[in-house]
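Here the structure is laid out as structure tokens; the discussion comes afterwards.
Quantities reported herein were computed from a predicted structural model and do not represent experimental measurements. Chain identifiers are assigned alphabetically (A, B, ...) following the order of the sequence lines, protein sequences preceding nucleic acid strands; residue numbering begins at 1 within each chain.
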Amino acid sequence: MIKELILEDLSKIVEALKLEDNNRYSVEEPKSNEHGDFSTNIAMVLAKLNKTSPRELASKIAEKLEKNKHFSKVDIAGPGFINITISQALYQDILLEIFIAGDDFGTSEHGDGKMVLLEFVSANPTGPLNIVNARAASYGDALCKIMRKVGFKAEREFYINDAGNQVDILAESVELRLRELRGEDIGEFPFEAYHGDYVIELAKEINSLEGNRILLMPEKDRLEKLKEFSLQYIHNLQKSSLAKFDVEFDNWVSEKNLRKQGMVEEVLSYLAEAHCTYEKDDAIWFKSSEYGDDKDRVLLKADGTPTYIVPDIAYHLTKYQRGFEVMIDVLGPDHHGYIPRISAAIEALKYDHSKLQFIILQQVNLFEQGEKVKMSKRLGKLVTMDDLYRAVGKDVSRFFFLQRSTNSHLNFDLELATKESNENPVYYCQYAHARIHSILKNAKKLGWKPRKSDLKSLKLLIEPEEMELIKKMTRFPELLISIAESRETHRLPTYVMELAGLFHKYYGKHKVVDEKNEALTRARLHLIKIVAKVLKLALDLMGVSAPEEMKQKGKAGAKSTTTRKKTTTKASSTKKTGTAKKSTTTKKKTTKK
RNA sequence: GCGCCAGUAGCUCAGCUGGAUAGAGCAACGCCCUUCUAAGGCGUGGGUCAGGGGUUCGAAUCCCUUCUGGCGUGCCA
């Protein structure tokens with residue numbers, strides 16, 4: 001909001017000074033406070049074009065900028081940066097605006113009601129959701145919330161691959177377990193079958209409900225029945241895992257239904273009409289290499305059944321047919337070979353493939369006792385979303401997943417996450433929120449009630465730490481827009497950490513409630529209340545709760561014992577460890593040199 | 001072989017469209033609870049931004065190249 005103001009000023013100045021313009025200058029927030037609140041490189045960018053030196057041009061521009069009453073200081077520094085310090089009055093005004101906006105702070109019309117479809121998780125219905133699915137769920141849900149906040153009409157969708165080969169194998173696996181359960185000798189459990197314990201649980205469930213009724217059916221009916229039952233069971237399982245993470249989907253799309261509706265045949269004939277199929281080795285191929293894929297792909301196998309690509313193409317066509325203008329597929333790392341195939345088909349069918357975007361979430365490496373855990377769904381060796389939930393809970397998991405950028409691998413040490421849950425940055429953020437509410441509660445006890453006239457007292461906020469807080473909050477709306485556009489949700493946790501940090505710092509330095517100075521107290525209470533609001537808005541978007549009070553240390557984590565060092569130990573013991581450690585560190589230093 | 005992603009502090013990772021002395025959390029060390037929750041604050045130490053070229057006023061960021069790691073490259077999904 002302030003940036004625009006400065007840019008506006010600059011363009012007026014460029015005009016007034018009759019400068020040649022290439023529109024390549026920008027306004028940024030310098031890292032260091034010594035360089036003001038905002039800085040612009042305009043003089044450096046335009047100097048050459050206007051045949052002058054950067055510093056000379058800077059002084060001309062600065063002179064004009066100084067006339068703006070919102071700027072309290074305009075400096076020239078370094079090679080020609082112009083550093084601008086914003087007046088306290090402007091910050092105070094903005095704080096008031098944020099207060100008035102309330103829950104709508106950060107809400108915008110940026111997306112212009114554009115219809116967006118976010119497809120994520122879409123796990124095979126053959127087992128429980130794993131840790132990568134958990135990452136996808138956290139990411140997709142947060143992105144959806146953020147996009148909605150900035151004016152997109154976004155929907156969350158889960159595509160269920162409930163047809164095809166792997167579902168047959170699931171049914172067969174269940175049947176074997178069921179027979180085993182009923183005392184039959186099934187020999188060695190086949191390698192290709194699903195080995196996870198959930199298959200046994202599933203068989204138990206069937207056994208208790210149906211006994212051996214299903215096993216007595218003719219083979220075709222039997223497998224159909226087992227399939228149906230298993231799919232429903234696992235669907236519910238997955239849904240409940242997602243529910244624990246507070247992730248809900250707007251649409252569940254079934255592959256089986258698409259097939260029933262004849263979409264497979266439709267896609268095949270569309271592609272044939274577009275002259276991009278041919279027959280080879282008894283199979284039907286798609287000339288995907290003509291549309292940017294590495295090689296051609298089989299659509300219909302020699303045995304006459306379609307490969308997975310066909311229903312997938314059909315599914316993506318429905319996205320277009322349903323009128324979405326932006327379609328985002330969130331995929332796992334093992335699926336990036338999938339992108340050119342689907343894009344090729346979309347292009348071949350003359351749809352605008354630029355509307356379809358792919359986000360690849362990189363893998364999650366699990367570490368247990370310092371060793372990487374190999375995950376394999378077939379062998380049932382995988383850490384599930386539920387395991388993660390039990391170990392660290394929803395808030396920590398979601399925060400943790402969102403913190404990383406999508407294309408960076410994520411090393412997740414389960415033990416560490418469990419053991420050190422008290423040390424997790426999520427508590428740092430939540431604590432800031434809880435602390436504020438604690439102060440507010442305390443103030444209430446002292447008889448403070450918000451009054452309309454308080455808003456005038458905001459002028460009393462003049463401390464640098466107060467300005468820092470306001471400044472950080474002003475960035476929130478533009479941040480959300482930028483996240484929605486870049487799909488980089490990891491910038492939100494970073495922001496929350498920063499805002500929480502600024503608050504903690506403020507808390508340490510200034511006392512909010514001062515009974516001797518009522519006006520200032522009222523102003524500060526307002527300030528922190530607004531900070532709490534922004535923290536909560538941001539945490540809500542991430543799906544992380546913003547508690548009003550923190551549970552006592554040691555009770556917060558999954559395990560009751562806290563690893564935090566005992567801060568209460570006084571003099572003697574700390575001194576001892578202190579000196580002991582000191583000697584080791586000095587040793588280290590000397591050996592280093 | 002080809003394609004995608006990554007390589008930044010001891011560890012896990014940020015670093016927005018190239019910007020001024022490279023940051024956070026954790027770990028280490030030293031201070032700070034007679035003051036609103038110490039799950040906090042202040043301070044110290046810790047870096048050849050994988051290596052090498054290039055582009056320019058200016059590069060962790062852009063281009064080329066080498067090395068290392070992960071993944072993909074099925075008539076599996």
**Message:** Among B:A77, B:C71, B:C36, which nucleotide has an atom closest to any side-chain atom of A:Asp334?
**Reply:** B:C71
**Asked** Could you give the CD-to-P distance, from A:Glu28 to B:G15, as a whole number of Å?
**Response** 15 Å
**Message:** When you measure from the side-chain N and O atoms of A:His409 to the phosphate of B:G7, is any distance below 4.0 Å, counting only OP1 and OP2?
**Reply:** no
**Prompt:** How about A:His336 and A:Phe358: are their ring centroids closer than 6.0 Å?
**Reply:** no
**Request:** May I ask you to evaluate whether A:Arg55 reaches the phosphate of B:C57, defined as a side-chain N or O under 4.0 Å from OP1 or OP2?
**Result:** no
**Request:** Determine the interatomic distance between C1' on B:A38 and the same-named atom on B:C33; round to the nearest Å.
**Result:** 7 Å
**Message:** Taking B:G46 as the reference, what is the distance to B:G1 when you measure between their C1' atoms (whole Å, please)?
**Reply:** 42 Å
**Fill in**
Among B:G25, B:C71, B:C76, the one nearest any side-chain atom of A:Asn165 is B:C76
**Request:** Among B:U56, B:U73, B:U35, find the nucleotide with the atom closest to the side chain of A:Lys511.
**Result:** B:U35
**Message:** With a 6.0 Å cut-off (strictly less than), is the heavy-atom count around CD of A:Glu20, excluding the residue itself, greater than 12?
**Reply:** no
**Prompt:** For A:Lys441 and B:C36, is the shortest distance between a side-chain N/O and OP1 or OP2 below 4.0 Å?
**Reply:** no
**Asked** Side-chain N or O of A:Lys505 less than 4.0 angstrom from OP1 or OP2 on B:C42?
**Response** yes
**Message:** Going by centres under 5.5 angstrom and planes under 30 degrees, do the aromatic ring of A:His35 and the base ring of B:A20 stack?
**Reply:** yes
**Asked** Any donor-acceptor pair under 3.5 Å between the side chain of A:His336 and the base of B:G3?
**Response** yes
**Message:** Quick check on B:U73: is either OP1 or OP2 less than 4.0 Å from any side-chain nitrogen or oxygen of A:Lys295?
**Reply:** no
**Asked** Starting at the 5' end of RNA chain B and moving along, which residue's nearest nucleotide shows up first, A:Ser39 or A:Val27?
**Response** A:Val27
**Item:** Options B:C16, B:U73, B:C36, nucleotide nearest the side-chain atoms of A:Arg341
**Value:** B:U73
**Request:** Can you tell me, in whole Å, how much space there is between the P of B:C26 and that of B:G40?
**Result:** 6 Å
**Request:** Give a yes or no on this: more than 12 heavy atoms of other residues, nucleotides or ligands lie within 6.0 Å of atom CD of A:Glu549.
**Result:** no
**Message:** If I pick the C1' atom on B:C63 and the same atom on B:U21, what distance separates them, to the nearest angstrom?
**Reply:** 28 Å
**Message:** Say we look at B:G25 and B:G3: how far apart would their P atoms be, to the nearest angstrom?
**Reply:** 40 Å
**Centroid distance under 5.5 Å and plane angle under 30°, A:Tyr507 vs B:G41** = no
**Asked** Does a nitrogen or oxygen in the side chain of A:Ser408 sit under 4.0 Å from OP1 or OP2 of B:A14?
**Response** yes
**Asked** Counting side-chain heavy atoms from CB outward, which of B:A14, B:A77, B:A24 is closest to A:Lys301?
**Response** B:A77
**Complete:** Side-chain atoms of A:Pro30 come closest, of B:U35, B:G72, B:A20, to B:A20
**Asked** With a 3.5 Å cut-off and just heavy-atom distances, do the side chain of A:Asn41 and the base of B:G19 make a donor-acceptor pair?
**Response** yes
**N/O (side chain, A:Ser405) to phosphate O (OP1/OP2, B:A14) under 4.0 Å** = yes
